[in-house]
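Sequential numbering from 1 along the given sequence is applied to the chain's residues. Heavy atoms only: backbone and side chains are in, while hydrogens, waters and symmetry mates are out.
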Amino acid sequence: MASTSPEPAAAGETNDPIRIRRLELSDHERGFVALLSQLSACPDLTASEFATRFAELAAQGDDHVILVAEDPSASDRRILATGCLFVERKFLRGGGKVGHVEDVVVDAAARGRGLGLRIVRRLVEIARDAGCYKVILDCTPELRAYYAKCGFVEKGVQMSVYF
């Protein structure tokens, strides 16, 4: 999961100062957890708690990828957007894999710049390269059109049990 190198640039992104890269341990200080709180309840984690969870997720290798968007030219290098890909290994389809896109959020002050679209498209590319036969996500009805722009089509019904 951890990497110091950015994901390869997609077409049309080479002159853009925004860098899409994998989550790094130092992103705790760059507001990663605070950004997640714009999506759902997310109490702050201490540096130690963050490091522990980071190590747990990093141990999953490319089966759990968290991407972030940052402007390296900004003085604080705050995280502007993030998204996650979890690869589920299945018995179905001859031991196939399914990519689950989760936790996509763009900072309120950075919305409208296409960062979420770039993150989601990159996650889908990673899933395709990993051999996933499909990529799925859950979203609110209000976000259907947004994810359709990302190439997703509505299929089925989501059901949940919360604890």
Side-chain angles (χ1 to χ4, degrees), residues 1-58 60 64-87 99-127 135-155 157-163:
M1 180 184 75
S3 172
T4 56
S5 61
E7 292 292 315
E13 296 179 15
T14 53
N15 294 328
D16 190 341
I18 302 301
R19 183 175 140 200
I20 306 294
R21 60 168 176 78
R22 291 183 181 223
L23 181 70
E24 298 172 354
L25 190 56
S26 60
D27 291 331
H28 180 257
E29 291 84 41
R30 293 189 182 118
F32 176 74
V33 176
L35 175 62
L36 288 175
S37 71
Q38 292 183 38
L39 178 66
S40 186
C42 189
D44 196 15
L45 299 173
T46 66
S48 175
E49 291 167 332
F50 186 86
T52 298
R53 180 52 46 111
F54 183 89
E56 290 169 356
L57 296 175
Q60 295 182 33
H64 198 280
V65 176
I66 299 174
L67 296 182
V68 297
E70 72 168 342
D71 182 351
S73 65
S75 60
D76 61 1
R77 293 183 54 202
R78 302 292 291 171
I79 301 303
L80 303 174
T82 187
C84 170
L85 173 72
F86 169 70
V87 177
H100 296 262
V101 171
E102 291 280 341
D103 304 337
V104 176
V105 62
V106 177
D107 185 90
R111 292 181 187 155
R113 298 167 56 186
L115 298 178
L117 182 67
R118 287 176 56 190
I119 293 268
V120 171
R121 286 184 174 163
R122 194 71 54 84
L123 291 170
V124 169
E125 289 172 15
I126 292 168
V135 178
I136 58 177
L137 60 78
D138 295 323
C139 69
T140 62
E142 298 80 28
L143 291 173
R144 285 179 184 147
Y146 175 79
Y147 285 109
K149 284 193 321 186
C150 297
F152 288 82
V153 295
E154 190 172 345
K155 182 168 178 150
V157 175
Q158 174 203 25
M159 306 286 288
S160 298
V161 174
Y162 283 86
F163 301 102

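- Considering only heavy atoms from C-beta on, Val101 comes within 4.5 Å of Val135 through its side chain.
- No side-chain heavy atom of Val68 sits under 4.5 Å from any side-chain heavy atom of Leu35.
- Of the inter-residue distances, the one linking Ile79 atom CD1 with Glu70 atom CD reads 5.5 Å to the nearest 0.5 angstrom.
- Shown here for Glu24 and Phe54, the closest heavy-atom pair between the two residues is C-CE1, 3.6 Å.
- With sequence neighbours left out, the side-chain hydrogen bond (donor to acceptor under 3.5 Å, both in side chains) criterion links Arg30 to Ser26, Asp27.
- For Ala74, the side-chain contact (heavy atoms from CB on, under 4.5 Å) partners two or more places apart in sequence, or in a different chain, are Asp71, Asp76.
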### Query
Can you list the steps and then say if His64 with Leu85 is a side-chain contact (heavy atoms from CB on, under 4.5 Å)?
CA-CA 6 Å; His64 198 280; Leu85 173 72; over 6 Å; no
Cut-off 3.5 Å, no hydrogens considered: what does the side-chain donor-acceptor table look like for residues 102-112, sequence neighbours left out?
from   : atom 1 : to     : atom 2 : distance (Å)
Asp107 : OD1    : Gln38  : NE2    : 2.8
Asp107 : OD2    : Ala109 : N      : 2.9
Arg111 : NE     : Val106 : O      : 2.7
Arg111 : NH2    : Gln38  : OE1    : 3.4
Arg111 : NH2    : Val106 : O      : 2.9

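- Classification of the Phe50-Phe32 ring pair by plane angle, with boundaries at 30° and 60°, yields perpendicular.
- Taking CD1 of Ile136 as the start and CZ of Phe86 as the end, the distance is 10.5 Å to the nearest 0.5 Å.
- Of the inter-residue distances, the one linking Ser73 atom OG with Arg19 atom CZ reads 12.0 Å to the nearest 0.5 angstrom.
- Among all heavy-atom pairs drawn from Cys42 and Val33, the shortest one is SG-CG1, 3.6 Å.
- Taking the side chain as every heavy atom from C-beta outward, His100 and Leu137 never approach each other to under 4.5 Å.
- Contact detail for Leu117 and Cys150: the closest heavy-atom pair is CD1-SG, 3.3 Å.
- Partners of Glu49 under the side-chain contact (heavy atoms from CB on, under 4.5 Å) rule, at least two apart in sequence or in another chain, are Leu45, Thr46.
- The shortest non-hydrogen separation linking Arg118 to Ile18 is NH2-O, 3.3 Å.
- Every pair passing side-chain hydrogen bond (donor to acceptor under 3.5 Å, both in side chains) that includes a residue from residues 143-154 is listed here, sequence neighbours excluded: Arg144-Glu154.
- Leu25 and Glu29 get closest at one heavy-atom pair: O-OE1, 4.4 Å.
- Residues meeting the side-chain contact (heavy atoms from CB on, under 4.5 Å) test with Asp138, sequence neighbours left out: Gln158.
- For the pair Thr82/Ile66, a side-chain contact is recorded, criterion being any heavy-atom separation below 4.5 Å from C-beta on.
- Here the shortest heavy-atom pairing between Ile20 and Ala69 reads CD1-CB, 3.5 Å.
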### Task
Go through the steps to decide whether Arg121 and Val124 satisfy the test side-chain contact (heavy atoms from CB on, under 4.5 Å), and finish with yes or no.
CA-CA 5 Å; Arg121 286 184 174 163; Val124 169; 5.6 Å; no
